[in-house]
Visitor: 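Okay, handing you the structure first.
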Amino acid sequence: MASSFTTNKNIEKPGYNDYAANPTGWSGQVNADWDIIDKGFGGVFNLAATSGTSTLNPVDYQNLILQSTAALTGNVEYRIPSGVGGQWIVRNATTGAYTLRVSNVAGGTFVEVPQGQTVSLYSDGTNIAFADNPSSYITAAFAARSVLAGTAMTGGGALSSNVTLTADQATSANWRQNVADKLLNPNAVWSAMTEQTLVDAASIAWDMSTGFDYIVTLGGNRAFANPTSTKVGQKGRLIIQQDATGSRTATWGSNFKFSNGLAPTLSTAANAVDLFYYDVRSSTYIIITQAGRAMA
């Protein structure tokens, strides 16, 4: 009876009376079979290809651990023969900006192993797939599906290839207006702090969504209207400057609150600069503190 071989590890099953004439009898072949079984529990095979496609031989895929430390010169694909099933630990320690893929000669699904990662894969004889949760293998280059506008970094989905990761970043206006679900860029924060000029008018309108620090030059006796677009916790400064004539006065809307309930008195000299700080406690309670008069 002729020998046969197992499907997945290619272990020989000797026929009746095989090796009877061999001086070592059955021991030589039995020991060889046990060595193959042992490799299936902990053997290591070094994948040497640097590019192209390479079909693994039984002595290669009989090992539990397949690893590559090659300097890749192109994308590389290692193929398990058709019909061969099993489970492997695959370590991608390659260098070079190329991919390492494990596939099956039968042409089913394949897996790209992220560079710098060690993963568990299995074959059902046709398809190659992750043996556990692939989310643990996510890297900067092999990341989430997409980022939806207005929802910052949410998204996701099953991974099958490298994707481009983008982010919904807040603009300076978004930061000032407290728009939700945006990623914050430090540059946008600094830009948002740019001093804003209030338009001089008999009644000065103050839209607090336009900035944090403000300045206005009074061209006559003025009234500061109650601010709009207030946000609880917003703080900043207000510079009030006299024009070349000077002696301009200011009155304040009912939502402004002052120490001892007394509105501040402005400097009167031409071009004089007074400094105020504000703190929004609620839309109807905005503290105004005069920090300096006739700044020079």
Visitor: Provide the closest heavy-atom pair for P81 versus V105 in the form atom of the first, atom of the second, distance.
Guide: CA-CG2, 3.9 Å
Visitor: Any side-chain to backbone donor/acceptor pair from R293 onto T265? Under 3.5 Å, distance only.
Guide: yes
Visitor: With a 4.5 Å heavy-atom cut-off, do F5 and P58 have their side chains touching?
Guide: no
Visitor: Give the C-alpha distance, both sets of side-chain angles, the deciding distance and a yes or no for side-chain hydrogen bond (donor to acceptor under 3.5 Å, both in side chains) between T249 and N221.
Guide: CA-CA 5 Å; T249 62; N221 295 334; 3.1 Å; yes
Visitor: Enter the distance from R248:CZ to D243:CG here, rounded to the nearest 0.5 Å.
Guide: 4.0 Å
Visitor: Using the side chain to side chain donor-acceptor pair (under 3.5 Å) criterion, which residues pair with D33? Sequence neighbours excluded.
Guide: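 Listed in chain order: Q29.
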Visitor: Can you tell me how far the CD atom of Q196 sits from the OG1 atom of T210, to the nearest 0.5 Å?
Guide: 5.0 Å
Visitor: Has N8 got a side-chain atom pairing as donor or acceptor with G86's backbone, closer than 3.5 angstrom?
Guide: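 No, the answer is negative, given that no donor and acceptor are paired below the 3.5 Å cut-off.
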Visitor: Tell me if the OH atom of Y285 is crowded by more than 12 foreign heavy atoms within 6.0 Å.
Guide: no
Visitor: Should F41 and I65 be counted in the same cluster of Ile, Leu, Val, Met, Phe, Trp and Tyr side chains packed under 4.5 Å apart?
Guide: no
Visitor: Search all heavy atoms of S283 against all heavy atoms of N255 and return the closest pair with its distance.
Guide: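 Heavy atoms of S283 and N255 come nearest at O-ND2, 3.4 Å.
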Visitor: Judged by atom type as modelled, is there a donor-acceptor pair below 3.5 Å linking the side chain of N174 to the main-chain atoms of V179?
Guide: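 Not at all, since once roles are kept as given, no pair shorter than 3.5 Å links the two residues.
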Visitor: Count I, L, V, M, F, W, Y as connected when their side-chain heavy atoms are under 4.5 Å apart, and connections chain through other members. Are Y277 and I215 then in the same cluster?
Guide: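 Same cluster: Y277 reaches I215 through Ile, Leu, Val, Met, Phe, Trp or Tyr contacts under 4.5 Å.
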Visitor: We want to know whether D207 and S229 form a side-chain donor-acceptor pair, criterion being a heavy-atom distance below 3.5 angstrom.
Guide: yes
Visitor: Working to the nearest 0.5 Å, report the span between OG of S172 and CG of N187.
Guide: 7.0 Å
Visitor: Members other than F256 in its cluster, when Ile, Leu, Val, Met, Phe, Trp, Tyr link by side-chain heavy atoms under 4.5 Å?
Guide: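 When side chains under 4.5 Å apart are linked, the cluster holding F256 also contains W175, L184, V189, M193, L198, I204, W206, M208, F212, Y214, V216, L218, F224, L238, I240, W252, F258, L266, F276, Y278, V280, I286, I288.
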Visitor: If you measure from OG on S267 to CG on L275, what distance do you get to the nearest 0.5 Å?
Guide: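 Those atoms lie 11.0 Å apart.
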Visitor: Are side-chain heavy atoms of I239 and E195 found at a separation under 4.5 Å?
Guide: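 Yes, at least one pair of side-chain atoms sits under 4.5 Å.
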Visitor: Closest approach of A170 and A188, non-hydrogen atoms and distance?
Guide: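 Taking every non-hydrogen atom into account, O-CB, 3.5 Å.
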Visitor: Are the side chain of D124 and the backbone of T126 linked by a donor-acceptor contact shorter than 3.5 Å?
Guide: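 Yes, the answer is positive, given that a donor and an acceptor are paired below the 3.5 Å cut-off.
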Visitor: Partners of T69 by side chain to side chain donor-acceptor pair (under 3.5 Å), sequence neighbours excluded?
Guide: none
Visitor: Is the shortest heavy-atom distance from the side chain of Y61 to the side chain of V84 under 4.5 Å?
Guide: yes
Visitor: Do F130 and V90 share a hydrophobic cluster (ILVMFWY, side-chain heavy atoms under 4.5 Å, transitive)?
Guide: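 Shared cluster, yes.
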Visitor: Tell me every residue that passes side chain to side chain contact (heavy atoms under 4.5 Å, CB included) with T95, counting only those two or more places apart in sequence or in another chain.
Guide: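 If we apply the side chain to side chain contact (heavy atoms under 4.5 Å, CB included) test to T95, skipping adjacent residues, the hits are A71.
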Visitor: Given 3.5 Å as the limit, does a donor-acceptor pair link the side chain of N104 with the main chain of A106, or not?
Guide: yes
Visitor: Restricting to side chain to side chain contact (heavy atoms under 4.5 Å, CB included), what partner residues turn up for D60, sequence neighbours left out?
Guide: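 D60 satisfies side chain to side chain contact (heavy atoms under 4.5 Å, CB included) with F45, L56, N57 once adjacent residues are dropped.
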Visitor: Please report the shortest heavy-atom distance between V59 and K39, naming the atom on each side.
Guide: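 In terms of heavy atoms, the two residues are closest at O-NZ, 3.6 Å.
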Visitor: Quick one: does any side-chain atom of K235 pair with a main-chain N or O of G233 as donor and acceptor, under 3.5 Å?
Guide: yes
Visitor: Are D200 and T217 close enough that some pair of their side-chain heavy atoms sits under 4.5 Å apart?
Guide: no
Visitor: Using side-chain heavy atoms (C-beta onward) and a distance below 4.5 Å, is R176 in contact with S209?
Guide: no
Visitor: Begin with the C-alpha distance, continue with both residues' side-chain angles, and end with the deciding distance and a verdict on side chain to side chain contact (heavy atoms under 4.5 Å, CB included) for N10 and I36.
Guide: CA-CA 9 Å; N10 202 55; I36 294 173; over 6 Å; no
Visitor: Any side-chain to backbone donor/acceptor pair from N75 onto Y98? Under 3.5 Å, distance only.
Guide: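 A pair under 3.5 Å: no.
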Visitor: We want to know whether N46 and Q67 form a side-chain donor-acceptor pair, criterion being a heavy-atom distance below 3.5 angstrom.
Guide: yes
Visitor: Among all residues two or more places apart in sequence or in another chain, which pass the side chain to side chain contact (heavy atoms under 4.5 Å, CB included) test with S51?
Guide: T73
Visitor: Between the main-chain N or O of A270 and the side-chain N or O of Q242, is there a donor-acceptor pair closer than 3.5 Å?
Guide: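 No, the answer is negative, given that no donor and acceptor are paired below the 3.5 Å cut-off.
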Visitor: Report the distance from atom CG of L100 to atom CG of N92, rounding to the nearest 0.5 Å.
Guide: 4.5 Å
Visitor: Given 3.5 Å as the limit, does a donor-acceptor pair link the side chain of D274 with the main chain of A294, or not?
Guide: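 At least one qualifying donor-acceptor pair exists.
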Visitor: Could you tell me which non-hydrogen atom of N63 sits nearest to which non-hydrogen atom of W88, and how far apart they are?
Guide: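 Closest approach of N63 to W88, heavy atoms only: O-CD1, 3.0 Å.
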Visitor: Can you tell me if Q115 uses its side chain to pair, donor with acceptor, with the backbone of G96 under 3.5 Å?
Guide: yes
Visitor: Give the minimum heavy-atom separation between Q87 and L64, together with the two atoms involved.
Guide: O-CD1, 3.8 Å
Visitor: In Å, rounded to the nearest 0.5 Å, how long is the span from OG1 of T55 to CZ of R79?
Guide: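 Atom-to-atom, T55:OG1 and R79:CZ are 5.0 Å apart.
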